[in-house]
Each structure stands twice: as structure tokens, then as C-alpha cells.
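A short worksheet on the structure shown next.
Numbers restart at 1 for each chain; the letters A, B, ... are given by sequence-line order, proteins then strands.
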Amino acid sequence: MALKLAEYKTTVHNDWCAGCGDFGILNAIQMALHEMQIPRHRAVIFSGIGCSGKTPHFINTYGVHTLHGRVLPFAQGAKLANPDLEIIALGGDGDGLGIGAGHFVGAGRKNVDIPYILFNNAVYGLTKGQASPTLKLGMKTKSLSQPNSNSSVNPISLALVAGYTFIARSYSYDVRHLRDVIIKAIQHKGLAYVDVLQPCPTYNDINTREWFQGQDNIDQESGHQVPRIYKIEDRGYDGVVHNTNELGNKMAQVLDIANEWGSKIPIGIFYQNEFVPTYHERISQHISDYATNPPAKQPLCTTEGVPLADISKLLSALRIDN
Amino acid sequence: MSSALVKNSLSWVIGGPQGSGVDSAANIFSRACAQGGLHLFGKREYYSNIKGDHSYFTVRVAENPVNSHLDEINILVTFDAETVFRHAHKVAKGGAIIYDSSLVNISINEVPTIDDQSSIRISDILNTAGYPTTIQGILDFAKSNGCVVYGLPYFEMIEDLARGLNDPSLSKLTRMVNVIALSSSLALLKFDKKQLIKAIQTVFQTKPKVLGNNIAAAEYAYSYIGKKYDIAQFIYMLEPRPPLKEYLLVQGNQASAMGKIIGGCRFQTYYPITPASDDSEFLEANQIFDLTSGAKGSIVVVQTEDEIAAITMAISAALTGVRSATATSGPGFSLMAEALGWAGMNEVPVVITLYQRTGPSTGLPTRHEQSDLLFAIHAGHGEFPRIVFASGDIEEAFYDSIKVFNLAEKYQLPVIHMLDKALANSIKTCKKFDQHKVPIERGDLISKVDENLSTRSGGHYLRFRLSDNPVSTRVPLGTENAIFWNTGDEHTEEGHITEDPDLRNKMVSKRMNKLEKALSEIPIEDKLVCFEFGKSTGDITVVSWGSTKGAIIEAMEMLARRGKGIRFIQLRLLHPFPSYEMMNLLKNTRLLIDIEMNYTSQLASLIKQHTGSDIDYRIVKFNGRPMSTSEVYYAVSAILEGTSQKRIVLEHGT
């Protein structure tokens, strides 16, 4: 019997602010799980700390709300121990690109087969609006006493050079687009990064919903407001690496488009490269039955507790009476 | 001086620049002795350096099992001038020094790797005794102490050997100095050459190219020293004994890693750090192993970007039902503190193998200390249950590596398994490990949940069910009908965030009650071991923990031979603290001596805290070099004779 969308929702009270972009992301994740009919017990949502960190509690699958900045190693550990789990990692921009930036890069080198969804609103919401790593230099959001004195990190470019093999961006108020991107990220064979632009109605009074809609972005000729967000697919952009010869060009094109900001902001799939072996494939190179006999599936002992491992050969090599 | 033969009792030291084959020479020597039926204990000392700095290996040989080293040296085997300068004055009367005879004119100032402090210290000794600060000077000084010195022209020997073998390319093989020097020492000891050759064959079995040359060099050196010197006069000798049946020659880090394989660890993470990396590297090199069924098992070892990733990955692997561990040392463990609390909060069984080294900060990265005890007990903010368990020797390290997983799973909490540099880098002959001695106990873990069970609260599985106080049934992530949540926030029985004061009280109590449960269930032999020496009534008690065990037991045996009655209590379970058992044991104690490798006597403060007993004497050491039997013996002797300060700082070591 098919699972209903409602079955992916918990009854836990959601305490996000009214109008928070997180709601769109939550809905899109639930819709993606529903669309893919992922059995609830097989899915595990891992999160970091912050407003985004609460997300797993609203999704009726296994949920692991971890530590600030550490969602990626947590998510990778479970996936490596039990590759059958359908794992989604998610977190905020401060979480993933500030305190967790080392893991953001480290994960790129491993290419574990998981999607990582980053709730990107340029502020630390839950601690009352400090500047996050994605807030542009010189911006002064509502609760800052001084303009931001740090340059922003570009997560799309960082993901590319760190080795993510799927890189996309979406917008929390385009839930269908976001849902489709998340599905593709889950289906991708390897580590997928999904950057989700989301207004923080409480603390980010610059990149607001109206700003994204282009309220102040007036076309000189027509006099109409032009939405800042545009879909790269609509312009014929193809981020998929179809053969390894085109890798350089495809990467260059990502860096190019990742720099667009201001009056036009691209969303869509920037990059996908399935030629890079996943970490599971790398392990299988030296543990040939890893896929069928991963750590989580190995029995350790008999019912009486007798260990099943037999290290006689190792012990023999250390013996001195032979 | 007595010229009585000293048979099969020896402290042998070999030294040279890091990278010159000190370890392989010591390995050959150890194997040769062990194959010859002799027991040994060896320890490795090295700088935080890749090549060139001084490293040395001490091997103590005896007819009975040994577990520690002595201060004095009976045979010093040197490759270079530095080793002579650093150790020659510690060679005991009747002992020998084997050295490169081309180095006699070298002055201490010409050895760039001898630091100023050491240079001044050694020069002072020589100046006071009236000898020049040259190799010849220190050798003459050693001779005046009753040592015999054997100068061998290593490079001429290699050239001569090359000529004999008609292979001029060999003459450049300075690498063979190690085999030449070590073979000479075995010849001096009149040890069976066959055992030497067999040991070389074992050590070089994976390098057939160099095997032949090394055997040739060994044979050459073995006969050379006897031609040049009258070695019959040398008082020490090693004589083969009946083979050591069912014994291993094993290192601490190997013991821990093998224990993990038997104990069911199937996932280990690490970030490179001395001296913990060897544990993970051993597992990685042996990642596929046999199963009793004839099939193969495997362990996934993951090198992470830092220690925070190492522990968080290990924790989440444990959430999938896997026995999971990470191995680290002090600096790495410091980074793990926050995640440790997460594991405590979420009742996750994870094992942290903590190889202590000298702190704080980077400290002496390749040296020994036991200064992380209180940190291991308190690491992390807030209050949560954990178990801190310490092994005292290589054998314990093996069996305890299985036990710590049992404890982690039975009580669903993080366990910190305390090992250290001295244990990791020591080698000894010990009884072959019994793979089935410690049964695996997985605690309350189920992999199937009945659909009805999941409805016990509004359709949700109660991972943290309060009525189970303190240990609830655990299910791996991915189990049907058992969806739960984890969070570092205080949580409900399902695992959702709560700030309810009543629930908070209950959840904290549920978690903390595990410590009482563990204390009531853990068998006494895993809490502490009580050794009685001589006619002990318990009125004189020595307490310690970890790898000081070997030196203490031997020192106590020496004291017992002098008619002293002493009790030694080795603490194994450090947290939760076995207060009840300790109070019982300390009831009749009138003299309590604490011995440990740190500045602040950390165990002493735990004993005071948990039993109220005051420590009368503290023997401490924090110079980075492990305690010797000699040091412990002299320090405790002085206490018993009433000539000691209340706090004794041991200072021996190079």
C-alpha cells in the first residue's frame, strides 16, 4: 500500500517563525520522500544545529539531530556502516560552512553516496541574527550593529573544488523545483550538495522573499519587477558531465555561473559527475563483499556470545615456537 | 669485581639515528631470544622526528616472564656517537659497550642532534670524573666503572664482507650496521647463532632481496668479534631454554587491535596521531579476517579529516548497531569532548581507545604519560554517564578491548579505554591470547520490533522509555516499526526535543543511574586487582593504574624478597569509581602509597574523593619516560625506611 504524504509528517509542534523559508524545505523533503515512496524505517534524516537542525523532528522517519557543524561525519558514518539506509544530511549555512567547513571539504574528498541539503539564509537565526558565512561583505542585516566585515564563502564553488559530484541550488519558495532537485540529489550516485536559498523573515531583512521576487529589481524598459531567481535549465544549461573529456569545461561553467548574484540568481543543477567512484566503491576495491556484507550486517557472535572472528592466523604469525 | 657468570638475565639497549634500523635490530634480537625460549620485555623510545634523531630500544631478557625495564644497562649496542654519549655512563659494572671504533675522536660538540641540555649534563659527568668529552673519554669513563668496551670498525667490516662476497655494491650498505652491531652483541653473549639466523629470516621474510646480505653480515660479525676480542671473559651470557610453547611476541597496539577484531568491532575511525595510529593501521592491514564458519569478516577503517569527524562517524556507525570505535591520543581526545557528550545524551555505545602521551598541548608527542585520567572522566560539558577503563599490560589490552565493547553495549554509553604510549610501544613474550575467554555480551539490543510494540506511545517506538530505567531496548537505525529520534537536546522517550522540567529530571536520572547499575554488575576483577606480596596484611598498600603495573609488581617482588609485606591494588575501572571495594581494601591500611605517571597524582585525588582515604606518599613521574622497576623499588624502599619525602619525583630516562 502506497504511503501517503501525511505519513511522512510528525505531529511535533513546529516552532519556526511564521513565514520562515524552512517550511518550504521541510515540505519539499517530505514530498520527495513520498514521491520516491522510501520506506519510513529505511530513511534517516541527519541534521546539524540551528533552526534547520530541528527538521528531523518534523519528519516521520528516523531522525538524528547531531552537533553544530558535524552533520556530515555523522551522516557518513551511518551510511558507511549500513549502505542500505537512505540517508539525508541537512543543516544551516553557519553550521555547514562556518563551524563545519572542515567537514564540508572533507566530505567532498570521500564522495559518500548521500545528499546534503544546506538551508542558506545568510544569518545565524537561532542565536538571534549574527552574520553567517554566506552573508556578503558589508551587508548589515537587522540585528548587526556594524556591517558584516567578513567576505562570504561561495558554497557552490567550494563544493565543486572540494569534490562534490552533484551540485544544485534551489529556492525554498519554489517547493516543486526544490522537491525535484532533492529527488535528483537522492538518486545521484555520490555526494550531492543542494544549496537552498531561503529568506529568514526575522533576521535577514535584505534577502527577503520580496527581494528574491525582485520587488526592487525593475526592468528599465518595461518598468516591471523582474524576479532575481531564474532556472538555468530554461537557458539550456547542462551541468551533467557526459564524458570525462568535458570535465574541465563543465567545472569552469559552474564557477562562472556560481558567481552570479545581485540582479539575477541562478537555480538548478549546476554540476553532476558520476564518473567519480563513491566511497562505497572505493571500500569495495579492497573489501570485495562490502556491498552485501557491510559492518551493520555482520553477525559478531553465537547466541552464547562466542566470537565468530578467528584470528588464529594473526596469532600464529606472532608465535615464537613455530 | 665478581666474575660470576650472569646467565639469562640481561638489560640490552640498542640505539642509533631514527631510520637506521634500530627497530629491526631490536626485533631480530627479541625474536632470537624468544625463539631460544627466553622471556623478554622491550620498549621503544624515539623523538618526534622522521629521520636522524636518537632512538633506542631496551630489551630485558629473563628466564621468567618480565613486564618492565630496569635503569641499568648490561649491554649497550650503538650505531653512532650519540648513542654512546647518551647511554654509556649508564652501563653497569661488568657490562659491555659495542661501538664504532672509527668514532673515538668525536667530541660531544660535534654531534648536532645532541641538544644543549643533554650535552651540558653529559659533559658535567665527564668533567667531574676527569675525562675528556669525546667518545674515547666516555668509553674510558665507562671502563673506570667496570665496563668492557668493544670497538668494531663497522665500515671496514662491511667493505671486507663485500670483498669476501665479491659484491662491491654491498660496501655502500651502511644500512647493515644494525645487523652487524646486533650480531656482535649476540656473539658476545655466546647465544646460539642458529636462532639469530632464524630470527633474521623471520624479520626479513617479506624482503628476500636483502635477506641474504643480512644473513651474510650477521655471520660475518658473529665471528669477527670473537677473533678480535677475548669474549670468553664477558660475564653475561644467554643460553637457549626449552621453547616457549603457546607464547606470542606481541606489541601493545597489536594486542588492542586484535582484541577489537575478536570483540566484534567492525568499524573504526581515526585521524593520524602518535602513538594511536598503529592501532588503526593494524586493523586496516588486517581488515579482512577469518570467521570460525570458514567465511570472511571485515572491518571498515576510515581515516577522517579530524578527530571530531572520527568520533562522530564512530558514533553514528554505532547507531546502526555496529560495534564501533575510534583510537586517538590526548590532543585528538580533546577535540572529541563535545561529541562524547552527544553519545552520552543519546545512550550510544561507542568505544574510544585513548593512547595517552605526554601533554598538555603537543607535549612530548612520542613520549609516555598517564595524565589524561581526570580528563577522560570529566571530558565534555554537562553531566552524562561514561565508563573509563584502564588496562595494565599487553595481555589485559587484548582482553579488555573485548570487554569495553561489552560494557558500552550493556550500559549504552561511551567507554574510554585507557592505554598509553608505554603500553603501545612495548613488546613482550606473553601467553597466546585465548580468543574465547571473554564472551561477547550485546546487552539489550534487538533487531526486530513487533508492529504492536511500536504503538506503545502514539505509534512511536520509545527508544528512551523511562520505565526501563536505566537501560532501554536499543534497535539499530533502519529497523522496521522502531522509528525514533536522536538529539543532543534533552528529549522525550521517542527522542524529540523537550524542555519540560519533570521530563528533564527523569531523563537525567535515567541516564546517570547506569553508573550505579554498572557498579553493581561489573565483576570485581574488572574493577581492581589486588596483589599481595610477602606477608602482606594490607597495612602497607600501593595503588596505581595502567601500565605502571609491570614495574610495580616486580619492585614489590624484590621488596618481598627482603621480607616486606605489601599489597598492591591495580585500579582498572576508574569511572564509575569502585568506592565500596576500595574502602574495604583500605580499611586496615596505615600506609598508602600512590604511584602514577603524572604530576598531580590524579588517581590519588580520585581515591580521596571516593573513599576519604588520604594518600601518605605519592610517587610521580612526568619526564616522558616510563617508570622502571629500579626506580619504583628504590622509591618504595625509601618510604618503608622512613627516609622519604611525602612526594617523590622519579627522573630516570634518556
Side-chain angles (χ1 to χ4, degrees), chain A residues 10-12 39-42 44 46 49 53-54 56-57 60-67 69-70 72-78 80-82 84-85 102-103 105-107 109 283 286-287 289-290 293-296 298 300-301 304-315 318-321, chain B residues 31 34-35 243-245 247-250 258 261-262 264 266-267 286-293 297-298 300 302 304-306 308-309 312-317 319-324 338-339 342 429 432-433 435-436 439-441 476-480 483-489 496-497:
Chain A
T10 64
T11 54
V12 173
R40 295 191 303 116
H41 69 277
R42 274 192 49 223
V44 191
F46 280 81
I49 291 292
K54 297 178 179 176
H57 297 284
N60 197 9
T61 64
Y62 281 100
V64 185
H65 179 193
T66 72
L67 290 166
R70 315 303 169 204
L72 279 172
F74 267 104
Q76 292 172 96
L80 294 177
N82 185 358
D84 283 351
L85 295 174
H103 307 305
V105 174
R109 295 171 48 224
I283 294 175
H286 44 93
I287 301 176
D289 68 346
Y290 169 66
N293 193 31
Q298 296 189 28
L300 310 182
C301 57
E304 292 78 38
V306 180
L308 294 181
D310 176 6
I311 57 166
S312 301
K313 281 185 195 150
L314 286 175
L315 295 176
L318 296 168
R319 274 174 71 157
I320 40 189
D321 56 342
Chain B
R31 282 209 76 91
Q35 283 165 3
L244 297 173
K245 286 278 172 215
Y247 265 82
L248 307 174
L249 183 61
V250 60
M258 287 191 291
I261 295 175
I262 287 296
R266 297 295 173 259
F267 193 84
N286 297 287
Q287 61 189 356
I288 298 170
F289 44 80
D290 294 337
L291 298 177
T292 46
S293 63
S298 59
V300 171
V302 183
T304 56
E305 59 271 24
D306 58 31
I308 298 172
T312 49
M313 264 194 205
I315 291 170
S316 62
L319 287 175
T320 72
V322 173
R323 284 195 158 187
S324 167
E338 188 191 15
W342 196 94
T429 44
K432 189 182 151 196
F433 300 145
Q435 305 189 49
H436 295 158
I440 291 178
E441 299 171 73
L477 290 176
T479 307
E480 233 171 316
I483 283 170
F484 63 79
W485 289 264
N486 285 132
T487 172
D489 288 60
H496 286 310
I497 299 169

The interface call for B:T429 against chain A, heavy-atom contacts under 4.5 Å, is side chain
- Just do the side chain to side chain contact (heavy atoms under 4.5 Å, CB included) check on A:D321 and B:Y247 with the steps written out, would you? CA-CA 7 Å; A:D321 56 342; B:Y247 265 82; over 6 Å; no
Heaviest contributor of heavy-atom pairs below 4.5 Å to chain A, chosen from B:Q435, B:E305, B:K245, B:E441, is B:Q435
In this structure, CG of A:L308 is separated from CD1 of B:I262 (nearest 0.5 Å) by 9.5 Å
Comparing A:P294, A:G69, A:A81, A:C301 against chain B, the one with the most heavy-atom pairs below 4.5 Å turns out to be A:A81
- Do side-chain atoms of B:W485 reach the backbone of A:H65 as a donor and acceptor pair under 3.5 angstrom? no
message: Main chain of B:T479, side chain of A:Y62: is a donor-acceptor contact present, judged purely on distance under 3.5 Å?
response: yes
When rounded to the nearest 0.5 Å, the distance separating NE2 of A:H103 from CE of B:M313 is 9.0 Å
Ranked by heavy-atom pairs below 4.5 Å to chain A, first place among B:P476, B:S298, B:A339, B:A34 goes to B:S298
Looking only at heavy atoms, the pair that brings B:V300 and A:P295 closest together is CG2-CG, 3.7 Å
Distance col, row A:I320:CD1 vs B:L244:CG, nearest 0.5 angstrom, shows 5.0 Å
Original post:
Is the shortest heavy-atom distance from the side chain of B:F267 to the side chain of A:N82 under 4.5 Å?
Top reply: no
Looking only at B:T304, B:D290, B:D489, the option with the highest number of non-hydrogen pairs under 4.5 Å against chain A is B:D290
message: Could you tell me if the side chain of A:L85 sits less than 4.5 Å from the side chain of B:T320, heavy atoms only?
response: yes
Most contact-rich option vs chain A, by heavy-atom pairs under 4.5 angstrom, among B:E480, B:K432, B:M258, is B:E480
What one should report as the nearest heavy-atom pair of B:S316 and A:A78 is OG-N, 3.2 Å
The reported gap from CZ in A:F46 to CG in B:L319 (rounded to nearest 0.5 angstrom) is 6.0 Å
Do B:L291 and A:Q298 have side chains that get closer than 4.5 Å, going by heavy atoms? no
**Request:** Check whether any side-chain heavy atom of A:L314 sits under 4.5 Å from a side-chain heavy atom of B:I261, and report yes or no.
**Result:** yes
